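Just so we're clear, the structure is a prediction, and the values are computed from it rather than from any experiment.
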2 protein chains.
Amino acid sequence: MSQALFSSALLENAVHEFAKLPGIGRKTALRLVLHLLKKEKNEVESFGNSMIQLRRDIVYCTVCHNISDTAVCGICSNPSRDRRTICVVETVKDVMSIENTQQYRGLYHVLGGVISPMDGIGPADLEIESLVNRVNKDEVSEVILALSTTMEGDTTNFYIFRKLAANNVKITTIARGVSVGGELEYTDEVTLGRSILNRIEFTNSYK
Amino acid sequence: MSQALFSSALLENAVHEFAKLPGIGRKTALRLVLHLLKKEKNEVESFGNSMIQLRRDIVYCTVCHNISDTAVCGICSNPSRDRRTICVVETVKDVMSIENTQQYRGLYHVLGGVISPMDGIGPADLEIESLVNRVNKDEVSEVILALSTTMEGDTTNFYIFRKLAANNVKITTIARGVSVGGELEYTDEVTLGRSILNRIEFTNSYK
C-alpha cells in the first residue's frame with residue numbers, strides 16, 4: 001500500500017507506528033488503527049497511556065532482574081517461596097511460562113539472554129556476575145539451568161557451571177524429553193534419544 | 001494465561017489494553033508489549049501519542065465524510081479531480097482501496113455502512129441525506145455505487161437509487177466478474193454467471 005494515498009497525515013503516522021511492531025504489516029496496522037478510531041476518546045487515551053506509563057515506570061527487580069513495579073519483585077519478596085533454589089532463565093517471558101505451570105516454588109534469575117559471540121553478547125552483557133554474587137551471599141542449595149538447548153544456551157550453561165564450580169551448590173538442568181501427550185513418531189531424534197538416555201524409574205507416585 | 005501470574009500491574013494493564021484489539025490475544029499482546037519495553041522511551045511515547053493524537057485531532061471531511069486532517073479532505077479539495085462523478089462506498093477503507101487502483105479520478109461519498117435492520121442501522125444512521133443534497137446542489141452527472149454485494153448492500157443500493165430517481169443523474173454499479181488472473185474453475189457460480197450476463201464487447205483498445 002503506497003504511503004502517498006493516505007488522506008490523513010495523522011492516520012499515516014499512527015499506521016506507521018503500529019507497523020513497526022513485530023509481525024504487524026501495514027494492512028493489519030491500518031485495520032487496528034481504524035478500530036481504535038471508532039473507540040471513545042478516553043479508551044484510546046488509556047490504550048496509548050498504558051504503553052507510555054509502562055515504559056516510563058517499569059523497573060527490573062534488583063535481585064532477580066524480572067519485570068516488576070517495585071525495587072524487589074513479588075516473587076523475590078514472597079516469604080513463602082523457597083529461597084534456597086534459583087531457576088536461571090533467559091527472559092522475563094520464561095519466568096511467566098514457568099510460573100504458569102504452578103510447579104515451581106523457588107526464586108528466579110533472569111540473565112537477559114545467552115552468551116552469543118556472533119551477536120556480540122559476552123558474559124559481561126548478561127546478569128551472570130549478579131547470579132554468582134547471589135549464590136555466594138545467600139544460602140542457595142540448588143541452581144536450575146533452564147536455558148534454551150542451542151549452542152549458545154549450552155555455552156552459557158557451561159560458563160555458569162564453571163563460575164559456580166567453587167561453590168558447594170547443586171546444579172541441575174530441566175528435563176528434556178518427549179512432551180506429555182506427544183507421540184514418539186513425531187518427536188525429533190535428538191529429543192527422543194535424550195529421553196531414553198535420561199529415562200527415570202517408574203513408580204506409583206510418578207505422574 | 002492467568003492474570004494473577006503477571007509480576008507487574010503496569011505490564012498486566014498494557015497487555016490488557018493491547019488484547020482488546022481485534023485479532024490480538026493475550027499471548028500476542030504480551031509479545032508486542034515486551035517488544036515495546038525493549039525500545040527507547042521516546043519511541044514508545046511516539047507510539048502511544050500517535051494513537052491519542054489521531055483519535056483527538058482526526059476530522060471527517062464535511063463533504064464526503066472521508067477521514068481527513070482538514071474540514072474538507074484532500075480529494076474533495078483537489079481541483080484536478082472530476083467533480084461530476086461521485087463514488088459511493090461504505091467505509092474509509094474502501095476509499096483507500098479504490099484510490100490504490102489509481103483508476104478513478106472522481107470524488108467519493110462515504111456512507112459509514114449499509115442499511116441493516118438486523119443491526120439496527122436505518123437510512124438515517126448513514127450519510128444518505130447528505131449524498132442526495134450533494135447530487136441536488138452540485139453538478140453531478142454520475143453516481144457509482146460501490147457497496148458490498150450482500151442483501152444489505154443491495155437494499156442500500158436500491159434505497160439510494162429511489163432517492164436519486166427524481167434527479168437527472170446516471171447511476172451505475174461497479175462491475176462484478178471473474179478477477180483478473182482468476183481461473184474459471186475456482187470462481188463461484190454467482191460471480192461466473194454474472195460475468196457471462198454482463199459480458200462486454202471485445203475490442204483492441206480493451207485491456
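With chain B as partner, the option from A:K38, A:K41, A:K39 having the largest number of non-hydrogen pairs under 4.5 angstrom is A:K41. Contact count versus chain B (heavy atoms, under 4.5 Å) is highest, among A:T91, A:V92, A:D69, A:I52, for A:D69. Ranked by heavy-atom pairs shorter than 4.5 Å toward chain B, the options A:Q53, A:E40, A:K93 are led by A:K93. Listed options A:I24, A:L37, A:N13, A:T28 were ranked by heavy-atom pairs under 4.5 angstrom with chain B; first place goes to A:L37. Annotation: maximal heavy-atom pairing with chain B below 4.5 Å, among A:A9, A:S97, A:P22, occurs at A:P22. No other option in A:I75, A:L36, A:V95 has as many heavy-atom pairs under 4.5 Å with chain B as A:L36.
Contacts between B:Y60 and chain A at a heavy-atom distance below 4.5 Å involve the side chain alone, from C-beta outward. Looking at B:L34, the atoms closer than 4.5 Å to chain A (heavy atoms on both sides) all sit in the side chain, from C-beta outward. In this structure, the portion of B:N66 lying under 4.5 Å from any heavy atom of chain A is its side chain and not its backbone. Contact annotation for B:V59: neither backbone nor side-chain heavy atoms come within less than 4.5 Å of a heavy atom of chain A.
Dense packing is recorded around NZ of A:K20, with more than 12 heavy atoms of other residues, nucleotides or ligands lying under 6.0 Å away. In this structure, B:R194 places its CZ atom where only 12 or fewer heavy-atom neighbours from other residues, nucleotides or ligands lie under 6.0 Å away. Atom CG of B:N168 has 12 or fewer heavy atoms from other residues, nucleotides or ligands within 6.0 Å.
Taking the six-membered ring where the residue is Trp, A:F18 and A:F47 present parallel rings, their angle staying beneath 30° rather than reaching 60°.
Partner of B:M51 under the side chain to side chain contact (heavy atoms under 4.5 Å, CB included) criterion, out of A:N49, A:V44, A:L32: A:V44 alone.
A salt bridge links B:R84 with B:E139: at least one charged nitrogen is closer than 4.0 Å to a carboxylate oxygen.
You'll find the side chain of A:I128 reaches within 4.5 Å of the side chain of A:I115, heavy atoms only.
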